[in-house]
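To start, the structure under review is shown below, and the notes come after it.
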Amino acid sequence: DCKHLLKELLPAIITRLHTSFSIATLTGEDKEHLEGVQGLLCGLIQVLVIELDIECVGPHADAAMQNLLQVLQLKNATCHEEAFSATSALCDRLEGDFIKYMDVLMPFLEMGLKNFQAFHVCSIAVGLVGDIARSIEKGISPHCNTIMTALVQSLQNPALHRSVKPPVLSCFGDIAMALEAGFEPYLNVSLMMLMQASQTQVPEDDEDLIYFVNQLREAVLEAYTGIIQGLKDGGRTDLVQPYIVHIMTFIETLSSDENKDDEVLSKAAGLLGDIASAMGPYPDVRALLTKPFVGSLLTEAFQNGDPTTQETCNWARGAIQAIM
């Protein structure tokens, strides 16, 4: 058991990172080498925070965040990737207590979300938003105007690398789950973006694009699931009810697409169950859930053999039968 060594290593690495900021660099090569070391130290902090429990991490959280924020002031994309990843690990470990860092983190997070040129940084910043939403839940609310504006702008920017689009779309669901009924101001723009993404088509013979569209569809399904669950928890499913026909049409389109992968099937099955459990009181929703494609999709998803997906399918069938 080397846990006690890792426990001692965490403050040592944080101190090493802190010391690195006072090292003078004479040449561009020196500067590049130092920033490489600083990125590696952030990576070590990330690993240690993941491996250690809150009792070991908590006492060093302030120092860790202070130094990670200093790394985010550097003009180095690789360092930013590592610093945001370490911040995500810290956020997961601290859960609700992470809220105390939000005010100082937000300017850097906003810059990361808008860093379309360094798309890896942008993607990791989007992932951090999801982690924050899950950790501090409604505590993210004061920062949501800034975050949602940056996310929507990223989707609208033609320079954005396509690999960032699925995590951005999925992030809408994370935020909706956190805000519950408080997601209402962002609902229309989120659903508009999801509808646009759900219409993406690909040539049958382009494997790269088929893979990308499956990722995109998986993200859209995750976002719809988060939005419906969040509004259900907040007692405002009426807000999403006008959009259910479009969501069901999207699932029906997926059900007949031979290029869909198992993840898309599994997420679609889960979404059908969520629609049934959240929207069951609406007669038009019950009618949509009796369509033949619903049973076909659940059967196909069940037959892929994955135990988790089979459990999801059985739950979804039960949720649908309960409202009929």
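Numbering starts at 1 and runs along the sequence shown.
Applying the side chain to side chain donor-acceptor pair (under 3.5 Å) criterion to Lys260, with sequence neighbours excluded, gives Glu300. Partners of Lys31 by side chain to side chain donor-acceptor pair (under 3.5 Å), not counting sequence neighbours, listed by chain and number: Glu35. Taking the side chain to side chain donor-acceptor pair (under 3.5 Å) definition, one finds that Arg134 meets it with Asp131, Asp174, sequence neighbours left out.
Expressed to the nearest 0.5 Å, how far OG1 of Thr299 lies from CG of Asn304 amounts to 12.0 Å. Atom CG of Leu9 and atom CG of Leu48 lie 5.0 Å apart (nearest 0.5 Å). With rounding to the nearest 0.5 angstrom, the CD1 atom of Ile320 is 10.0 Å from the OG atom of Ser277. Here the CD atom belonging to Gln215 is positioned 11.5 Å from the CG atom belonging to Leu169, to the nearest 0.5 angstrom. The structure places CD of Glu95 at 6.0 Å from OG of Ser135, a figure rounded to the nearest 0.5 Å. Remark: Cys313 SG to Gln303 CD distance equals 9.5 Å, nearest 0.5 Å.
A perpendicular orientation is assigned to the rings of Phe250 and Tyr224, their planes being inclined by more than 60° (bins at 30° and 60°).
Using a 4.5 Å heavy-atom threshold, the side chains of Leu68 and Leu105 count as separate. No side-chain heavy atom of Cys56 sits less than 4.5 Å from a side-chain heavy atom of Leu10. For the pair Leu239/Phe183, no side-chain contact is recorded, criterion being any heavy-atom separation below 4.5 Å from C-beta on. Contact check for His80 versus Phe108: no side-chain heavy atoms found under the 4.5 Å cut-off. Contact check for Ser190 versus Met148: side-chain heavy atoms found under the 4.5 Å cut-off. Side-chain contact between Ile247 and Leu271 is present, with heavy atoms from C-beta onward closer than 4.5 Å. Taking the side chain as every heavy atom from C-beta outward, Phe302 and Thr312 never approach each other to under 4.5 Å. The closest side-chain heavy-atom distance from Phe21 to Gln38 is below 4.5 Å.
Salt bridge present: Asp257 and Arg217 bring a charged side-chain N and a carboxylate O closer than 4.0 Å.
In terms of heavy atoms, Arg286 sits closest to Gly280 at NH1-O, 2.7 Å. Scanning both residues, Pro185 and Gly182, for their nearest heavy atoms gives CD-O, 3.2 Å.
Put simply, Leu17 and Leu34 are part of two different groups of oily side chains (I, L, V, M, F, W, Y) that touch within less than 4.5 Å, one to the next. Hydrophobic cluster membership is shared by Val245 and Leu272, with clusters built from Ile, Leu, Val, Met, Phe, Trp and Tyr side chains linked at under 4.5 angstrom. Leu90 and Met102 fall within a single hydrophobic cluster, where Ile, Leu, Val, Met, Phe, Trp and Tyr side chains are chained together by heavy-atom contacts under 4.5 Å. Under the 4.5 Å side-chain contact rule for hydrophobic residues, Leu74 and Leu128 share a cluster. With hydrophobic clusters built from ILVMFWY side chains whose heavy atoms lie under 4.5 angstrom apart, Val37 shares a cluster with Leu69.
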